[in-house]
Amino acid sequence: MTLIDKSKKHHFISQAEQKLNAINPNACNNSNMKIYSFSIKDRNNYELSLGNKKGIKISNNLKDIDIFSFDILDNSLRYNFESLFYKYESEILQNTNSLLKKISEGNRNVSIEITNIFFTKFLNFIRNPHSIKKVLNTFSDLKYLQPLDPVENSKFQKILTGNQPHSTYICNLYSITNKEYQDWLSIIFLLLNPVNNSGRVLIEDVVKDLFESKNNFLFVYVYTYSEKTCALSDRGFSEPIANKKSINFDFNLSSNSFIRYIFSDIDILTSKDIIDVHKRMKKTVIYSPIHNDLNILKNYNQCVAYQCFNRIYNSERECYGLTIT
């Protein structure tokens, strides 16, 4: 995989996704697009403070210098993941717009968009520095692995021995150890590494297993709104349901929509016969589009505010269900 890149300004939530929440989405120059930023004032009471009343530039938001670099070379080139991330980021706008267009037209043939969006959003969770400790716990077994391919392994070794003058700054900024930083970069490398020279990467298998597991149901809800707005977390996701029987993710789609994935344990079914029948059936996604459900929006925005690291973002100065000062 190609890892040498000149980029040193690394967004951990892509500009493409932020622009779907822009104050001025029709700006002639993309570099002038802005978004409102809110800091947490009282997390338990969902109170936030608006930052710059004119908004902040998306091009300078949710990024760090060299956070994904693991070997900085003398000629200013560096080994990092930016070219790989961009490969997937470039598809998020197309998939999101396609999904929302199909919903508006009543077209239920959305399985490709639903899968592709989850893949990109799940990758965002993995690459988000506010989620480093959660990623290390989720993929703890990967910390002890290395690529078998000699060429890929030589690249991987740069995570352990490469020139990383920025590592102390990054570790201090996100309250992690150098070992945790290396383990996180190692996990990203392995998840994006091709499997058996197939061109398919490991994270694709992770997502495929989630979607096709015979041991769970997959419920997908897409919530859209005519007037109210949906917040974007600095973590890139929130978890709406506290339930050990399911894995739940809420992801912002745009300023007026979000998507909810619920991977529910099959054990919620009480009948063994029904469970056996379900396991033999072709796996399907239970999908529902829902428009203007304000109770759900309030819950969503409050979860985003409560679970974010310290900031949320929005296309308007007000955000339904939250108190803004």
Side-chain angles (χ1 to χ4, degrees), residues 13 17-26 34-51 53 55 92 95-108 110 113-114 117-118 121 124 217-243 246-264 285-325:
I13 294 181
E17 291 168 272
Q18 293 186 62
K19 287 173 182 176
L20 287 165
N21 293 270
I23 298 168
N24 52 340
N26 298 317
K34 293 184 176 183
I35 195 168
Y36 288 118
S37 173
F38 306 84
S39 59
I40 298 297
K41 185 176 180 181
D42 185 335
R43 197 179 295 269
N44 291 316
N45 291 308
Y46 312 112
E47 294 182 10
L48 300 98
S49 297
L50 172 64
K53 292 182 179 180
I92 189 65
N95 283 304
T96 300
N97 287 337
S98 177
L99 174 62
L100 296 176
K101 183 175 185 292
K102 286 182 177 181
I103 289 173
S104 69
E105 295 171 344
N107 184 345
R108 296 187 63 84
V110 295
E113 289 86 352
I114 283 173
I117 287 170
F118 183 84
K121 301 290 189 178
N124 277 356
F217 294 101
L218 172 55
F219 301 87
V220 177
Y221 302 92
V222 179
Y223 296 93
T224 57
Y225 296 90
S226 300
E227 298 177 0
K228 304 299 183 182
T229 55
C230 308
L232 172 68
S233 170
D234 57 6
R235 291 189 188 275
F237 76 101
S238 57
E239 297 174 283
I241 303 169
N243 186 340
S246 63
I247 301 172
N248 315 282
F249 293 99
D250 277 355
F251 299 112
N252 173 284
L253 287 175
S254 70
S255 58
N256 300 107
S257 60
F258 72 93
I259 188 166
R260 175 168 293 174
Y261 295 85
I262 302 175
F263 300 90
S264 186
V285 176
I286 302 170
Y287 157 72
S288 297
I290 300 172
H291 189 56
N292 283 341
D293 187 325
L294 294 182
N295 287 330
I296 291 292
L297 179 61
K298 179 179 179 181
N299 172 264
Y300 166 80
N301 281 336
Q302 290 184 346
C303 281
V304 168
Y306 188 80
Q307 296 175 15
C308 73
F309 179 70
N310 57 20
R311 288 187 178 276
I312 69 168
Y313 303 89
N314 199 34
S315 61
E316 295 185 0
R317 294 182 185 180
E318 299 297 325
C319 197
Y320 190 77
L322 306 177
T323 301
I324 308 297
T325 60

- prompt: Which is it for Ile40 and Cys308 under the side chain to side chain contact (heavy atoms under 4.5 Å, CB included) test, yes or no, and what are the steps along the way?
  reply: CA-CA 9 Å; Ile40 298 297; Cys308 73; 3.6 Å; yes
- request: Give the C-alpha distance, both sets of side-chain angles, the deciding distance and a yes or no for side chain to side chain contact (heavy atoms under 4.5 Å, CB included) between Ile247 and Tyr261.
  value: CA-CA 8 Å; Ile247 301 172; Tyr261 295 85; over 6 Å; no
Between [Y] and [X], is there a side-chain heavy-atom distance shorter than 4.5 Å?
X: Asn24; Y: Lys34; result: yes
X: Val222; Y: Tyr287; result: yes
X: Lys228; Y: Asn301; result: no
X: Ile290; Y: Ile296; result: no

Heavy-atom closest contact ([X] atom, [Y] atom, distance):
X: Ile23; Y: Gly55; result: CD1-CA, 3.8 Å
X: Phe219; Y: Ser264; result: CE1-CB, 3.8 Å
X: Pro240; Y: Asn299; result: CB-OD1, 4.4 Å
X: Ser37; Y: Arg311; result: OG-NH1, 3.0 Å
X: Asp234; Y: Asn310; result: OD2-N, 2.9 Å
X: Arg108; Y: Pro289; result: NH1-CD, 3.5 Å

Those residues that, when tested against [X], pass salt bridge (Lys or Arg N to Asp or Glu O under 4.0 Å) (two or more places apart):
X: Glu239; value: Lys134
X: Lys41; value: none
X: Lys101; value: Glu105
X: Lys121; value: Glu17

Proximity of Phe258 and Tyr223 rings by center, below 6.0 Å: yes
task: Using side-chain contact (heavy atoms from CB on, under 4.5 Å) as the criterion, list what pairs up with Asn44, not counting sequence neighbours.
output: Asp42, Tyr306
Give, for atom [atom1] of [X] and atom [atom2] of [Y], the distance between the pair rounded to the nearest 0.5 Å.
X: Ser233; Y: Asn252; atom1: OG; atom2: CG; answer: 9.5 Å
X: Asn314; Y: Ser255; atom1: CG; atom2: OG; answer: 8.0 Å
X: Ile259; Y: Asp250; atom1: CD1; atom2: CG; answer: 9.5 Å
X: Lys53; Y: Tyr36; atom1: NZ; atom2: OH; answer: 10.5 Å
X: Arg317; Y: Leu50; atom1: CZ; atom2: CG; answer: 6.5 Å
X: Tyr225; Y: Leu294; atom1: OH; atom2: CG; answer: 6.5 Å

message: Determine whether a donor-acceptor pair (N or O, by modelled atom type, separation under 3.5 Å) exists between the side chain of Asn95 and the backbone of Ile117.
response: no
message: Please check: side-chain N/O of Tyr300 versus main-chain N/O of Ala231, any donor-acceptor pairing under 3.5 Å?
response: yes
message: Counting only heavy atoms not in Lys102 (residues, nucleotides, ligands), do more than 12 fall under 6.0 Å from its NZ?
response: yes
- prompt: ring pair (Phe, Tyr, Trp, His ring centres under 6.0 Å) between Phe263 and Phe118: does it pass, once the steps are laid out?
  reply: CA-CA 12 Å; Phe263 300 90; Phe118 183 84; 5.4 Å; yes
query: Does a side chain donor of either Ser98 or Glu113 reach within less than 3.5 Å of an acceptor in the other side chain?
result: yes
Under 3.5 Å, which donor-acceptor pairs link side chains of residues 318-325 to any protein atom two or more places apart or in another chain?
{"unit_1": "Thr325", "atom_1": "OG1", "unit_2": "Leu48", "atom_2": "O", "d": "3.3"}

- prompt: side chain to side chain contact (heavy atoms under 4.5 Å, CB included) with Asn256: which of Leu20, Leu297, Thr229, Asn292?
  reply: Thr229
